[in-house]
Amino acid sequence: MNPTTQKLVEQNAPTKLVDHNLVPETVCPGVLYEKRPARNLKGEVVPGLYNVWISLDNPKQYNSYTTDMVKGLILAFRAASCARDVATVVFTAVGDKAFCTGGNTKEYAEYYAGNPQEYRQYMRLFNDMVSAILGCDKPVICRVNGMRIGGGQEIGMAADFTVAQDLANFGQAGPKHGSAAIGGATDFLPIMIGCEQAMVSGTLCEPFSAHKANRLGICMQIVPALKVDGKFVANPLVITDRYLDEFGRIIHGEFKTGDELAAGKELMKRGEIDLSLLDEAVEKLCAKLISTFPECLTKSFEELRKPKLDAWNRNKENSRAWLALNMMNEARTGFRAFNEGNKETGREIEFTDLRQALAKGMPWTPELIESLMPGAK
Ligand SMILES: CC(C)(COP(=O)(O)OP(=O)(O)OC[C@H]1O[C@@H](n2cnc3c(N)ncnc32)[C@H](O)[C@@H]1OP(=O)(O)O)[C@@H](O)C(=O)NCCC(=O)NCCSC(=O)C1=CCCCC1=O
């Protein structure tokens, strides 16, 4: 700060500030809240200003969020909103495997399955978490440190910007695991990537690469993360060196197959993951954001959020009720299948068995659900 401005601040700023936060900046289980010094465009630390890094910390379960973590995120976004000295929120997670793979399937299978009134309460918290991200008083950057799947994709899309390391996959999981992607994805995807691609992602649940996420417009920037022999290389599992196939179809960002894939996997084994370029890109974006008038920036992102916010507000309460009741049958079955299955038995049900049974008018009995579990004879 220049000396004249500094003197004016000393003479005019209140000596005691009112605390608008609802809760102290608490540490909640599974959520880290860390203030990091903000930097300007030259990379210099700006004294007295910070960016808050809110990190999901459940790497063993791919940073899926438990009920406690959902509560922690609501509080963390609220605290960041109220912090006068915070410029930007970086929303990320611990490790390099996953940003988040959505709701915690163990908790879903072992507590919420068959318990719709409890899940309805959980969905109150879930809805408040998404609203807390969309309503954050600071711009929110989703730093995608690894895969962003299911509810992870939903809370990531609620952020204002997405910057990803290029080994991260994106996508939905709901209809394969007994849910519908109505925790934000069905609201945000059509706006962000168009109705056709949204339909593909929200129903087929096929993961797509960071390169494709960038092309579709769901991610503003990607950076390489794999270092082989000391040099960064693009994700070797994905086609990145050509745009079209012989028929003129776009193949850039599609997953490799056959020999090309095998060679990619070999290269992957030789390399190590280094997220320093991701951090550089995120810091650079934070520096660009801090180099703006604060209220004009806030008004701009508040307006630009409106298409997402309007769609979310229109649907979130109905979605809550539907998801709660769905815990009686399909979610009860799908999340148990993921939780009780393994690599050998598989973690999904035989969908055609269920469809054949329902086609004959079979009711949803506990025995039907047991008969559908992976490995059931
Ligand atoms: C496709 C996957 C994301 C990754 O697959 P893969 O790379 O093969 O890893 P895994 O071996 O499957 O997983 C590694 C370990 O992490 C555990 N894990 C992964 N995801 C979760 C999770 N969401 N909850 C709890 N634990 C998780 C996994 O069990 C492994 O541990 P283990 O000890 O068993 O070796 C794949 O992991 C996957 O599909 N995951 C589940 C994705 C999912 O279904 N998420 C929930 C979607 S629904 C949702 O999020 C919702 C949000 C609000 C609205 C309603 C709603 O449904």
Side-chain angles (χ1 to χ4, degrees), residues 30 56-70 73-74 93-113 116 118-131 133 144 146-158 167-188 201-209 237 255 265 268 312 315-327 329-349 374:
L56 295 157
D57 184 13
N58 181 18
K60 281 203 181 113
Q61 293 179 313
Y62 278 13
N63 292 314
S64 57
Y65 43 78
T66 60
T67 307
D68 276 341
M69 290 166 71
V70 173
L73 284 177
I74 298 167
V94 169
D96 56 31
K97 287 272 171 303
F99 163 68
C100 178
T101 58
N104 189 275
T105 47
K106 187 169 165 60
E107 201 180 46
Y108 282 6
E110 294 177 6
Y111 184 72
Y112 292 115
E118 288 298 293
Y119 197 59
R120 194 176 154 86
Q121 292 209 12
Y122 166 89
M123 280 307 301
R124 167 85 285 131
L125 292 169
F126 177 88
N127 281 359
D128 288 352
M129 165 174 69
V130 175
S131 295
I133 302 167
V144 183
M147 64 181 83
R148 196 172 90 171
I149 303 286
Q153 170 82 316
E154 297 182 308
I155 57 177
M157 287 190 293
L167 303 173
N169 287 344
F170 292 71
Q172 296 308 141
K176 289 275 187 196
H177 293 167
S179 193
I182 54 179
T186 50
D187 301 310
F188 308 148
S201 177
T203 60
L204 302 183
C205 305
E206 291 167 349
F208 51 92
S209 72
L237 308 182
F255 293 113
K265 283 184 177 168
M268 192 87 177
W312 169 245
N315 300 319
K316 66 181 181 190
E317 294 307 317
N318 295 340
S319 298
R320 179 186 174 215
W322 183 88
L323 285 164
L325 289 175
N326 184 55
M327 264 297 168
N329 42 44
E330 293 194 3
R332 186 181 196 170
T333 310
F335 289 126
R336 272 194 54 197
F338 184 81
N339 193 47
E340 292 167 29
N342 54 46
K343 296 271 184 230
E344 284 72 49
T345 59
R347 304 186 100 169
E348 290 171 9
I349 68 158

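Just follow the structure's listing: the first ligand is 1, and inside any ligand the first atom is 1. Values reported hereafter were calculated over all heavy atoms of this structure, with side chains retained and with hydrogens, waters and symmetry mates removed.
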Look at [atom] and say which protein heavy atom is nearest, naming residue and atom and giving the distance to 0.1 Å.
| atom | value |
| --- | --- |
| atom 25 (C) of ligand 1 | T105 OG1, 3.1 Å |
| atom 45 (N) of ligand 1 | T101 O, 2.9 Å |
| atom 39 (O) of ligand 1 | H177 CE1, 3.1 Å |
| atom 11 (O) of ligand 1 | K343 NZ, 2.9 Å |
| atom 1 (C) of ligand 1 | M147 SD, 4.9 Å |
| atom 15 (C) of ligand 1 | K60 O, 3.9 Å |
| atom 12 (O) of ligand 1 | R347 NH1, 3.5 Å |
| atom 51 (C) of ligand 1 | Y108 OH, 3.7 Å |

Provide the number and element of each atom of ligand 1 under 4.0 Å from a heavy atom of [X].
| X | value |
| --- | --- |
| F126 | 52 (C), 53 (C) |
| G102 | 50 (O) |
| S179 | 55 (C), 56 (C), 57 (O) |
| S64 | 22 (C), 23 (N), 24 (N), 25 (C) |
| Y65 | 50 (O), 52 (C), 53 (C) |

Under 4.0 Å from ligand 1, counting heavy atoms only, is it the side chain of Y122, its backbone, both or neither?
neither

Just heavy atoms, cut-off under 4.0 Å: does Y112 contact ligand 1 by side chain, backbone, both, or neither?
neither

Check step by step if side-chain contact (heavy atoms from CB on, under 4.5 Å) holds for L323 and F126.
CA-CA 11 Å; L323 285 164; F126 177 88; over 6 Å; no

Run the numbers on Y65 and M129 for side-chain contact (heavy atoms from CB on, under 4.5 Å), then give the verdict.
CA-CA 11 Å; Y65 43 78; M129 165 174 69; 4.2 Å; yes

So, R124 and E317, do they make that salt bridge, N to O below 4.0 Å?
yes

Please check if the side chain of [X] supplies one atom and the backbone of [Y] the other of a donor-acceptor pair under 3.5 Å.
| X | Y | result |
| --- | --- | --- |
| Q172 | C205 | no |
| N127 | K316 | yes |
| N58 | S64 | yes |
| R120 | R320 | no |

Compare F338, W322, Y62, Y119 and give the one whose heavy atom is closest to atom 7 (O) of ligand 1.
Y62

Nearest candidate to atom 17 (C) of ligand 1, where distance is taken over non-hydrogen atoms, out of Q61, Q172, K176
Q61

Quick one: NZ on K106 to OG1 on T66, what's the gap to the nearest 0.5 Å?
12.5 Å

Sorted by chain and residue number, the side chain to side chain donor-acceptor pair (under 3.5 Å) partners of Y112 (sequence neighbours excluded) come out as T67

Has ligand 1 got any nitrogen or oxygen that is less than 3.5 angstrom from a nitrogen or oxygen of G151?
yes

With respect to G103, determine whether any N or O atom, backbone or side chain, lies less than 3.5 Å from an N or O atom of ligand 1.
yes

Taking the six-membered ring where the residue is Trp, are the ring centres of F338 and F335 under 6.0 Å apart?
no

Going by a strict under-4.0 Å cutoff (protein heavy atoms only), does atom 35 (O) of ligand 1 have a neighbour on the protein?
no

Nearest protein heavy atom under 4.0 Å from atom 22 (C) of ligand 1, yes or no:
yes

Check the pair I182 / N315 against side-chain contact (heavy atoms from CB on, under 4.5 Å), numbers first and verdict last.
CA-CA 8 Å; I182 54 179; N315 300 319; over 6 Å; no

Under 3.5 Å, is there a donor-acceptor pair between the S131 and D128 side chains?
no

Nearest heavy-atom contact between L56 and F99 is CD1-O, 3.6 Å

